[in-house]
Amino acid sequence: MASSSSSSKLVFLMCFMISAFGIAIAAKFDQEFDITWGDGRAKILNNGDLLTLSLDKISGSGFQSKNEYLFGKIDMQLKLVPGNSAGTVTAYYLSSQGPTHDEIDFEFLGNLSGDPYTLHTNVFSQGKGNREQQFHLWFDPTADFHTYSITWNPQRIIFYVDGTPIREYKNSESMGVSYPKNQPMRIYSSLWNADDWATRGGLVKTDWSQAPFSASYRNFNANACIPSSPSSCSSNSATSTRSSWLNEELDNTSQERLKWVHKNYMVYNYCTDSKRFPQGFPADCLQNS
């Protein structure tokens, strides 16, 4: 345990001592990701520029990044399952491993035709999550590709949709709340059946006559520190523009956009759920409501 902790601290300090770091990856999916399950239901197409996941009654499918990242800005374009996608979940997230894992989640909860998708977000630190915020979107996420981004730095995590911030989660360690900063995380994505909870709390089940369900991915980009590759964190491999995410925060315009999203499209916030927290809201809600 001591050596693991020392290793994590070394990586963390290494990233901090460098004035500018990061790499830009104009990714080919076959170079940056491994298909991890699905027995052929996940496919890399168009010379590595497109990845598709599919789900049928037998199995879903998924993939993960070859690299682990410790802080960075991650972009991915997704086109979600069209039509009656009730019961399905398309998950796209960063995660470390183990019972004390860290995790940053986008999950897209399927819908009946004509109803909006629910975009579910969560942040785990040291194995503890329960920090859910959910949103509807201001467009049809099945009609075309849209960009879903995560900026993760030592001060905050920002979730973006097409460049519009929808959620900011600030480091609340000063309040005794752990924050994901020491454990490198891989990118994962999967398309799977979750009709026991995904749509209206499990009331609407998956209609398998609509299968196979399919989601598509393109234009992955990572400006990030890769702990296993020290050169990725060297100042020579980055520009100040590429590494601007290291100190990224929301300016006044972005704060107004965030308020607009929360006012018009937020459908659940753990920091306002008094029934769930009758003894008082979590400490991090003081600056993350």
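Side chains are part of it too, since the values below use all heavy atoms of this structure and drop only hydrogens, waters and symmetry mates.
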About how many Å separate [atom2] of [Y] and [atom1] of [X], when rounded to the nearest 0.5 Å?
{"X": "Q287", "Y": "R156", "atom1": "CD", "atom2": "CZ", "answer": "8.5 Å"}
{"X": "S85", "Y": "L112", "atom1": "OG", "atom2": "CG", "answer": "8.0 Å"}
{"X": "C225", "Y": "E68", "atom1": "SG", "atom2": "CD", "answer": "11.0 Å"}
{"X": "S216", "Y": "L51", "atom1": "OG", "atom2": "CG", "answer": "8.5 Å"}
{"X": "L55", "Y": "T90", "atom1": "CG", "atom2": "OG1", "answer": "8.5 Å"}
{"X": "Q31", "Y": "D34", "atom1": "CD", "atom2": "CG", "answer": "12.0 Å"}

* **Identified side chain to side chain contact (heavy atoms under 4.5 Å, CB included) partner of H136 from the options L119, N111, T118** =>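 It is T118, the one option of L119, N111, T118 that forms the side chain to side chain contact (heavy atoms under 4.5 Å, CB included) with H136.
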Side-chain donor or acceptor of [X] paired with backbone N/O of [Y] under 3.5 Å:
{"X": "D56", "Y": "S59", "result": "yes"}
{"X": "W245", "Y": "N223", "result": "yes"}
{"X": "D102", "Y": "Q126", "result": "yes"}
{"X": "S113", "Y": "N84", "result": "yes"}
{"X": "S125", "Y": "Y179", "result": "yes"}
{"X": "R41", "Y": "G38", "result": "yes"}
{"X": "N122", "Y": "R131", "result": "yes"}
{"X": "T199", "Y": "G87", "result": "yes"}
{"X": "T272", "Y": "N269", "result": "yes"}
{"X": "H120", "Y": "Q133", "result": "no"}

Using the rule that Ile, Leu, Val, Met, Phe, Trp and Tyr join whenever any side-chain heavy atoms are under 4.5 Å apart, tell me whether [X] and [Y] fall into a single cluster.
{"X": "I104", "Y": "F63", "value": "yes"}
{"X": "L250", "Y": "V123", "value": "no"}
{"X": "Y265", "Y": "L80", "value": "yes"}
{"X": "Y270", "Y": "I166", "value": "yes"}
{"X": "I157", "Y": "V177", "value": "yes"}

Determine whether [X] and [Y] make a side-chain contact, defined as any pair of heavy atoms from C-beta on separated by less than 4.5 Å.
{"X": "E32", "Y": "S65", "value": "no"}
{"X": "N288", "Y": "S172", "value": "yes"}
{"X": "E256", "Y": "K259", "value": "yes"}
{"X": "L94", "Y": "I150", "value": "yes"}
{"X": "R167", "Y": "Y169", "value": "yes"}
{"X": "D273", "Y": "Y268", "value": "yes"}
{"X": "N219", "Y": "D75", "value": "no"}
{"X": "Q64", "Y": "I187", "value": "no"}

* Ring-face cation of K73 near Y160 (centre distance under 6.0 Å, axis angle within 45°) ->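 Relative to the ring axis of Y160, which defines the angle, K73 lies inside both limits.
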* R218 NZ/CZ over F145 ring centroid, <6.0 Å and within 45° of normal ->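 Yes, a cation-pi geometry.
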* Asked: Quick one: ring-ring contact (aromatic ring centres under 6.0 Å, His included) partners of W197, sequence neighbours excluded?
  ->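 Applying ring-ring contact (aromatic ring centres under 6.0 Å, His included) to W197 gives none.
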For the ring pair [X] and [Y], is the centre-to-centre distance below 6.0 Å?
{"X": "Y93", "Y": "Y188", "answer": "yes"}
{"X": "Y217", "Y": "F33", "answer": "no"}
{"X": "H101", "Y": "F124", "answer": "yes"}

Just wondering, more than 12 heavy atoms not from [X] lying within 6.0 Å of its [atom1]?
{"X": "N264", "atom1": "CG", "result": "yes"}
{"X": "D251", "atom1": "CG", "result": "yes"}
{"X": "L203", "atom1": "CG", "result": "yes"}
{"X": "R276", "atom1": "CZ", "result": "yes"}

* CA sep, side-chain torsions, deciding dist, call: Q255, E168, side chain to side chain contact (heavy atoms under 4.5 Å, CB included) -> CA-CA 10 Å; Q255 289 283 3; E168 179 183 28; 4.0 Å; yes
Between [X] and [Y], which heavy-atom pair has the shortest distance, and what is it?
{"X": "A194", "Y": "V89", "answer": "CB-CG2, 3.7 Å"}
{"X": "P184", "Y": "L70", "answer": "N-CD1, 4.2 Å"}
{"X": "K66", "Y": "D30", "answer": "CE-O, 3.6 Å"}
{"X": "M175", "Y": "A283", "answer": "SD-O, 3.5 Å"}
{"X": "Y117", "Y": "P141", "answer": "CD1-CG, 3.9 Å"}
{"X": "F139", "Y": "D162", "answer": "CE2-OD2, 3.9 Å"}

* Evaluate the criterion side chain to side chain contact (heavy atoms under 4.5 Å, CB included) for residue pair F213 and W192; output intermediate values, then yes/no. => CA-CA 9 Å; F213 304 98; W192 53 291; over 6 Å; no
* Please walk me through it: do D144 and K79 pass salt bridge (Lys or Arg N to Asp or Glu O under 4.0 Å)? -> CA-CA 6 Å; D144 203 349; K79 183 162 69 172; 5.5 Å; no
* **Check against side chain to side chain contact (heavy atoms under 4.5 Å, CB included), D105 and T121** => CA-CA 5 Å; D105 293 339; T121 67; 5.9 Å; no
* After noting the C-alpha distance and the side-chain angles of Y92 and M76, does the key distance pass the side chain to side chain contact (heavy atoms under 4.5 Å, CB included) rule? -> CA-CA 9 Å; Y92 158 54; M76 184 82 80; 3.4 Å; yes
* Evaluate the ring planes of W138 and W260, with Trp represented by its six-membered ring, and classify them as parallel (under 30°), tilted (30 to 60°) or perpendicular (over 60°). => perpendicular
* Out of F135, F159, F220, F108, which one pairs with Y148 under the ring pair (Phe, Tyr, Trp, His ring centres under 6.0 Å) rule? ->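 Exactly one option meets the ring pair (Phe, Tyr, Trp, His ring centres under 6.0 Å) with Y148, and it is F108.
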* **side chain to side chain contact (heavy atoms under 4.5 Å, CB included) partners of K205, counting only residues at least two apart** => D195
* For E173, what residues pass the side chain to side chain donor-acceptor pair (under 3.5 Å) criterion, not counting sequence neighbours? ->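 Here the qualifying residues are N171, K181.
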* Ion pair present between K170 and E249, side-chain N to carboxylate O less than 4.0 angstrom? ->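 Looking at E249 together with K170, the answer is no, because their closest N to O distance does not fall below 4.0 Å.
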